[in-house]
Amino acid sequence: MADGYLECQKIDSIMDSTGVGNPSIQADDPNDVGESRSPSPQVGGPGERHKTLGVLPLVALIFFEVAGTPAGSENAVKAGGAFWALVGFAVMPFIWSVQEALITAELSTMFPEDAGYVQWVAAAFGELAGFMEGGMSWLSTAVDTAVYPVLMTGYLAGSIETLDQSQLGQKIVFFSIVCILSFLNYLGLQVVGRIAMTLLGVCLIPFLVFTFMSIPDMNVTKLSEKRPTDEIDWGLYLNTLFWNLNYFDSAGTFAGEVRNPKKVFPRALSISVVLVMFVYIVPLIAGIGISKNSTKTWTDSSYEQLSFEVGGRWLQGSIVFSIGMACAGMFLADMSANSFQLLGMADRGMIPKIFGVRSRFGTPTIGILLNMSMALLALFFELSELIEMMNVVYIWTVLLEISSFLLLRYKKPKMDRPYKVPLSLPAVSLLLTPTVVFSLIVMRFSAWQSHVFAVIGAVCTLAFGKLSQKCREKYPHYFNLEMLNKDEKEQLPERTFSTEDVHAVLLQHEDEDEDDAT
């Protein structure tokens, strides 16, 4: 009996050491993606060294992904009038922002890795769909990133007469801004997080001062002035609301860098939604209340003009400076999100592993260089064209994310969710219905060229995804296959072994023992 017991122990030991019959690599559902894992770092040290983000740095990054300052909201007043602009910024967060934040919190804790929404969609619809999501999201955010150096250059040109008259000078300034901010991204996500927290105060204080100084001269009756619906520029109105209140999902691309996703993501996203609403609505109330002109005359520079009327040159200069710094913060946040998304896709073997190489600061070097190159291309486009194209592409990606969220809830209800939206599948579907409807309305009022751009983007990303898969099969050494191999092992069906199999393993093991003894 003792010999039989020892023989069984020996078999178990050999099976465990070879991974044969190990239940830890079995999955109940062969289609289940299993428990999410953070990828091993490529270059830059131990994986824990890269987990640098806590609640406040993540709040600052999300804030600059979404808003930055109240600047940019003026066009909602121009397009819809005082009442509808305020209603839009008060209601829109409960139609769009809250839903996007809830989805991001649940899926980011399910998949705490830098691939973010790419992995969400891949888990629901397969790798090719995930690649399309990644490609279109990257394109959308790259366009968004390119907007901010253009704005910064414009503000500087408006303040410096000699620069305003020199096209070459503006191009040199634009190039310098892109290079300096890209270098700050290279220095590390922890550095970017600290800069974002500092810029948060720098950007908001001038607008708080403007709001308090406006109170004595406010005419509250102006807040309720309604413009007839047939006089509202619905395309400009909806696109302005959408552009100023989206991109909460970009936080998912930092999931692999967050210290405790279960606690940090829900807190950071909740704080961010409230902060964004406050930052838009309060200064708008003050600005509308003191404005002496028709709301139809509002422009992108209305806050600058109103601040001069309230506080003079020093307040106007503070507002202009805060807007410029906000553009810098938004560029830093967008570039970080986009670069880490590429790193996450490389860690998952979707694109060549060179995109997953980290610098000594833990940052994705190739991703930063690629995003910097895309930002420089903004010199050849008009700003309004960039914004509308970005909105339509982004809507496509969000609709994919919503579909993935619902499908994962339906197909994998028992999958581990460290944070879960406390609603049933029917209830959460009802919650997301206004978000989908609003998305379709924004698309309805977008120019046909933007839809063509989105279709071309989708086709190109699918083609690149298929090409990447073919290259991975032919040249696997250029891709990181570690995450793919882990997924495949977890999806292996349970195996059974005959007596002959066991004896064969034992004989092989005894031969190895004899060779070792010799």
Side-chain angles (χ1 to χ4, degrees), residues 66-100 136 140 143-144 147 151 222-249 273 276-277 279-281 283-285 287-289 291 293-303 381-399 401-402 431-455 457:
V66 178
T69 66
S73 60
E74 300 99 324
N75 278 331
V77 180
K78 177 183 179 180
F83 177 79
W84 291 113
L86 292 172
V87 167
F89 280 105
V91 174
M92 172 72 170
F94 298 99
I95 294 176
W96 182 273
S97 304
V98 171
Q99 287 86 335
E100 193 177 26
M136 294 186 70
S140 173
V143 171
D144 190 42
V147 167
L151 292 174
K222 288 189 173 184
L223 304 178
S224 58
E225 290 180 359
K226 291 183 180 179
R227 186 179 298 177
T229 54
D230 59 341
E231 295 182 14
I232 296 175
D233 184 346
W234 289 106
L236 178 61
Y237 175 73
L238 293 173
N239 271 289
T240 301
L241 290 176
F242 186 77
W243 187 56
N244 282 283
L245 291 165
N246 63 19
Y247 278 98
F248 282 96
D249 61 331
V273 170
V276 167
M277 288 181 64
V279 164
Y280 281 126
I281 293 173
L284 267 182
I285 291 173
I288 293 169
S291 178
N293 300 320
S294 167
T295 53
K296 292 183 179 180
T297 64
W298 275 53
T299 65
D300 290 331
S301 59
S302 287
Y303 274 121
F381 292 93
E382 290 292 329
L383 183 60
S384 58
E385 294 174 355
L386 288 173
I387 292 173
E388 190 166 303
M389 287 190 298
M390 175 192 68
N391 280 351
V392 173
V393 172
Y394 181 70
I395 287 173
W396 283 41
T397 65
V398 171
L399 292 176
E401 291 165 20
I402 291 173
L431 178 69
L432 293 170
T433 300
T435 310
V436 175
V437 172
F438 180 79
S439 302
L440 298 176
I441 292 173
V442 172
M443 292 177 72
R444 159 67 180 80
F445 285 98
S446 298
W448 66 268
Q449 293 94 331
S450 300
H451 293 284
V452 171
F453 179 76
V455 171

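Please read these numbers as outputs of a predicted model, since none were measured by experiment. Throughout, numbering of the chain's residues begins at 1 and tracks the sequence. Values below: every heavy atom of this structure, side chains too, minus hydrogens, waters and symmetry copies.
- Taking CG of Leu431 as the start and CD of Gln99 as the end, the distance is 4.5 Å to the nearest 0.5 Å.
- In this structure, Gly88 and Pro93 approach most closely via the heavy-atom pair O-CD, 4.1 Å.
- Counting heavy atoms from C-beta outward, Val392 and Phe453 have side chains that stay 4.5 Å or more apart.
- Under a 3.5 Å cut-off, the side chain of His451 and the backbone N or O of Met443 do form a donor-acceptor pair.
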(message) Let's go through Val436 and Leu399 carefully: what are the C-alpha distance in whole Å and the side-chain angles of both, what is the deciding distance for side-chain contact (heavy atoms from CB on, under 4.5 Å) to 0.1 Å, and is it a yes or a no?
(response) CA-CA 7 Å; Val436 175; Leu399 292 176; 4.2 Å; yes

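- Closest of all the heavy-atom pairs between Ala90 and Ile281 is CA-CD1, 3.8 Å.
- The shortest side-chain heavy-atom distance between Ile441 and Trp234 does not fall under the 4.5 Å cut-off.
- Ser439 OG to Phe242 CZ: the interatomic distance, rounded to the nearest 0.5 Å, is 6.0 Å.
- We find the CD-CG distance between Glu100 and Leu432 to be 11.0 Å, quoted to the nearest 0.5 Å.
- The nearest pair of heavy atoms linking Leu245 to Met92 is CD1-CG, 3.1 Å.
- Atom CG in Asn244 sits 6.0 Å away from atom OG in Ser73 (nearest 0.5 Å).
- Looking only at side-chain heavy atoms (C-beta outward), Phe248 and Val98 stay at 4.5 Å or farther from each other.
- Taking OG1 of Thr397 as the start and CD1 of Ile402 as the end, the distance is 9.5 Å to the nearest 0.5 Å.
- The closest side-chain heavy-atom distance from Trp243 to Leu238 is not below 4.5 Å.
- Taking every heavy atom of both residues into account, Leu223 and Ile285 meet most closely at CD2-O, 3.6 Å.
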(request) Could you walk me through whether Trp298 and Asn293 pass the side-chain contact (heavy atoms from CB on, under 4.5 Å) test, one step at a time? (result) CA-CA 8 Å; Trp298 275 53; Asn293 300 320; 5.9 Å; no

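- Judged purely by atom type and a 3.5 angstrom limit, Arg444 has no side-chain atom pairing as donor or acceptor with the backbone of Gly235.
- Under the 6.0 Å cut-off for aromatic ring centres, Tyr237 and Trp84 do not qualify, their centroids lying 6.0 Å or more apart.
- The minimum heavy-atom distance between Val66 and Tyr280, with the atom names listed, is O-OH, 3.9 Å.
- Every residue meeting the side-chain hydrogen bond (donor to acceptor under 3.5 Å, both in side chains) condition with Thr299, not counting sequence neighbours, appears here in chain and number order: Ser301.
- Separating the NZ atom in Lys296 from the CZ atom in Arg227 is a distance of 5.5 Å, to the nearest 0.5 Å.
- Val276 is not listed as a side-chain neighbour of Ser97, based on a closest heavy-atom distance of 4.5 Å or more.
- Distance alone, capped at 3.5 Å, places no donor-acceptor pair between the Tyr303 side chain and the Gly72 backbone.
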(request) Kindly determine whether Val279 and Thr69 satisfy side-chain contact (heavy atoms from CB on, under 4.5 Å), including the steps that lead there. (result) CA-CA 7 Å; Val279 164; Thr69 66; 5.6 Å; no

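- Pairing each heavy atom of Ala454 with each of Met136, the nearest pair is O-CE, 3.8 Å.
- Checking side-chain atoms of Thr435 against main-chain N and O of Ile95 turns up a donor-acceptor pair under 3.5 Å.
- Using a 30° and 60° split on the angle between ring planes, Tyr247 and Tyr394 fall in the parallel class, below 30°.
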